[in-house]
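The figures here come from the full heavy-atom set of this structure, side chains too, leaving out hydrogens, waters and symmetry mates. Both ligands and their constituent atoms are indexed starting at 1 by order of listing. Along the sequence shown, residues are numbered consecutively beginning with 1.
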Amino acid sequence: MSDKFNALVVNKQNEEFSVGVKELTIQDLPEGEVLIRVHYSGINYKDSLAAIPNGNIVQEYPFVPGIDLAGVVVSSDDPSFKEGDEVIATSYEIGVSRFGGYSELARIKAEWLVPLPKGLSLKEAMIIGTAGFTAALSVQRLEENNLSPENGKVLITGATGGVGSFAVSILASLGYQVEASTGKESEHDYLRGLGADTIISRDEVYDGKIRVIGKQKWAAAVDPVGGEPLASVLSQIQYGGSVAVSGLTAGTNLPSTVFPFILRGVNLLGIDSVYCPMKTRVKTWERLATDIKPANLEEFVSQEVSLEQLPEVLPTLLKGQVRGRMLVKLV
Ligand SMILES: NC(=O)c1ccc[n+]([C@@H]2O[C@H](COP(=O)([O-])OP(=O)(O)OC[C@H]3O[C@@H](n4cnc5c(N)ncnc54)[C@H](OP(=O)(O)O)[C@@H]3O)[C@@H](O)[C@H]2O)c1
């Protein structure tokens with residue numbers, strides 16, 4: 001096997017920033033027990049931030065982004081994996097402080113790898129990616145906090161985004177009444193296709209005014225948007241309900257009060273996919289391959305791109321205009 005391969009390299013030297021495909025050698029890869037031929041990756045919000053000069057994601061340049069990858073083991077120094085095994089790797093330090101998935105070859109720590117569960121292809125795993133995995137974690141946390149379909153409507157914010165799309169689909173498949181909030185009027189049919197019962201505009205979630213306590217509209221919410229809209233969501237959750245927050249698309253500031261918590265017993269549940277323990281990771285991927293696997297996975301893909309197309313495509317996610325998932329094909 002040649003030790004040369006292509007990867008997307010971002011570089012910043014003397015304030016000069018570049019993003020482009022470059023030839024690397026195996027010696028350029030970080031240390032790790034398992035060498036993987038990457039078949040697919042995906043585009044997540046963090047990957048787009050890694051491809052802009054002030055995204056505050058990349059810690060050292062030159063760097064290969066891509067927080068998700070799925071591929072086939074080429075060689076392994078760890079007995080848990082052998083040549084030919086199909087594996088998934090998402091998050092930890094991948095694509096943030098260690099070279100990631102936008103690369104024909106990747107070297108990853110064995111302890112970060114999830115065996116591809118039966119029932120999923122490598123392509124399907126990367127359609128799901130960190131976004132779908134985070135949606136699944138959010139739904140699981142809501143159910144662990146006593147959410148069940150008879151409690152009432154569940155709100156999904158940022159519903160056409162990666163996390164939002166999967167949350168709509170998973171909750172609908174589990175029998176929940178799903179209310180999807182979106183800023184994209186043109187995508188209502190897409191959301192109905194995923195299983196949304198009702199669709200509302202972003203303004204109906206947050207009209208620019210945060211009330212201390214509002215009308216009790218939703219039993220729970222999956223919120224990848226954060227910021228001021230999250231404060232508004234919290235004030236409109238039913239007594240004893242929960243919000244699973246995973247993102248910051250609308251900002252990091254949360255101008256809420258204690259009232260939803262102390263007057264209505266609302267729970268704010270933090271969702272982290274990055275250092276999610278391996279036991280939960282494996283269980284969640286197994287569920288994504290079986291009982292909560294969306295039937296229509298191809299419908300989530302708005303675009304399938306090559307390494308060469310990434311420099312042009314990566315920044316589009318930051319504008320909040322992308323629907324569903326963008327898939328990166330490497331073989
Ligand atoms: N905690 C974790 O482990 C974890 C894991 C994955 C992602 N995340 C975070 O979750 C967030 C979403 O990720 P994603 O992959 O779903 O991103 P995405 O595909 O870009 O989706 C974000 C969606 O939010 C909506 N939106 C955009 N700007 C908005 C604004 N100003 N106000 C309200 N809504 C807005 C848009 O949907 P509509 O047009 O439909 O409203 C957009 O498509 C990001 O902040 C990401 O970093 C966290």
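- Protein heavy atom at the shortest distance from atom 46 (C) of ligand 1 is Tyr45 CB, 3.7 Å.
- Scanning the protein for heavy atoms near atom 21 (O) of ligand 1, the closest one is Gly161 CA, 3.2 Å.
- Using a 4.0 Å cut-off to heavy atoms of Ile271, the atoms of ligand 1 that qualify are 1 (N), 2 (C), 3 (O).
- For ligand 1, the atoms sitting less than 4.0 Å from at least one non-hydrogen atom of Asp272 are 3 (O), numbered in the order shown with element in parentheses.
- Using modelled atom types and a 3.5 Å distance limit, the side chains of Thr130 and Asp68 yield a donor-acceptor pair.
- Residue Leu317 has at least one heavy-atom neighbour below 4.0 Å for each of these atoms of ligand 1: 19 (O), 20 (O).
- What sits closest to atom 10 (O) of ligand 1 on the protein, heavy atoms only, is Gly247 CA, 3.4 Å.
- In terms of protein heavy-atom proximity, atom 25 (C) of ligand 1 is closest to Gly158 CA, 3.6 Å.
- Here the closest non-hydrogen pair linking Val168 and Ala159 is CG2-CB, 4.1 Å.
- A donor-acceptor contact closer than 3.5 angstrom is absent between the side chains of Lys4 and Thr25.
- In terms of N/O distances under 3.5 Å, ligand 1 is not approached by Thr130.
- If you look at Asn44 next to ligand 1, there are no close heavy atoms at all, none under 4.0 Å.
- Side-chain N/O atoms of Gln177 and Lys153 include no donor and acceptor closer than 3.5 Å.
- Taking distance alone, with nitrogen or oxygen atoms compared against 3.5 Å, Gly183 approaches ligand 1 more closely than that limit.
- Judged purely by distance below 3.5 Å, without hydrogens or angles, the side chains of Thr198 and Glu179 pair a donor atom with an acceptor atom.
- Look at Ala159 and you'll find a heavy atom under 4.0 Å from some atom of ligand 1.
- One hydrophobic cluster holds both Ile170 and Leu194 under the rule that ILVMFWY side chains link at heavy-atom gaps under 4.5 Å.
- Pairing each heavy atom of Arg323 with each of Val301, the nearest pair is NH2-O, 4.4 Å.
- Phe259 CZ: 12 or fewer foreign heavy atoms inside a 6.0 Å radius.
- Between Lys123 and Glu298, at least one side-chain N (NZ, or NE/NH1/NH2) sits under 4.0 Å from a carboxylate O, which counts as a salt bridge.
- Residue Leu248 touches ligand 1 through backbone and side chain together, judged by heavy-atom distances below 4.0 Å.
- Protein heavy atom in closest approach to atom 5 (C) of ligand 1: Thr134 OG1, 3.0 Å.
- When only modelled atom types and interatomic distance are considered, Glu60 and Ser97 share no side-chain donor-acceptor pair under 3.5 Å.
- For atom 13 (O) of ligand 1, the closest non-hydrogen atom on the protein side is Val163 CG2, 3.9 Å.
- The shortest contact between atom 32 (N) of ligand 1 and any protein heavy atom is with Ala250 CB, 3.7 Å.
- Of all atoms in ligand 1, listed by their number and element, those nearer than 4.0 Å to a heavy atom of Thr182 are 38 (P), 39 (O), 40 (O), 41 (O).
- Asp207 and Arg211 are joined by a salt bridge, as a carboxylate oxygen and a charged side-chain nitrogen come within less than 4.0 angstrom of each other.
- The distance criterion of under 3.5 Å between nitrogen or oxygen atoms is met by Ser246 with respect to ligand 1.
- Atoms of ligand 1 found under 4.0 Å from any heavy atom of Lys184 (numbered from 1 in listed order, with element): 36 (C), 37 (O), 38 (P), 39 (O), 40 (O), 42 (C), 43 (O).
- Every atom of ligand 1 is numbered from 1 in the order shown, and the set under 4.0 Å from a heavy atom of Thr160 is 37 (O), 38 (P), 39 (O), 40 (O), 43 (O).
- Atom 18 (P) of ligand 1 has its nearest heavy-atom neighbour, among Ala180, Gly320, Gly162, in Gly162.
- Residue Leu327 is grouped with residue Ile36 when hydrophobic side chains (ILVMFWY) are merged at heavy-atom distances under 4.5 angstrom, including chains of intermediate members.
- Salt bridge annotation for Glu124-Lys293: present, with a cationic side-chain nitrogen under 4.0 angstrom from a carboxylate oxygen.
- Those atoms of ligand 1 with a heavy atom of Val322 less than 4.0 angstrom away are 43 (O).
- What sits closest to atom 29 (C) of ligand 1 on the protein, heavy atoms only, is Arg202 NH1, 3.6 Å.
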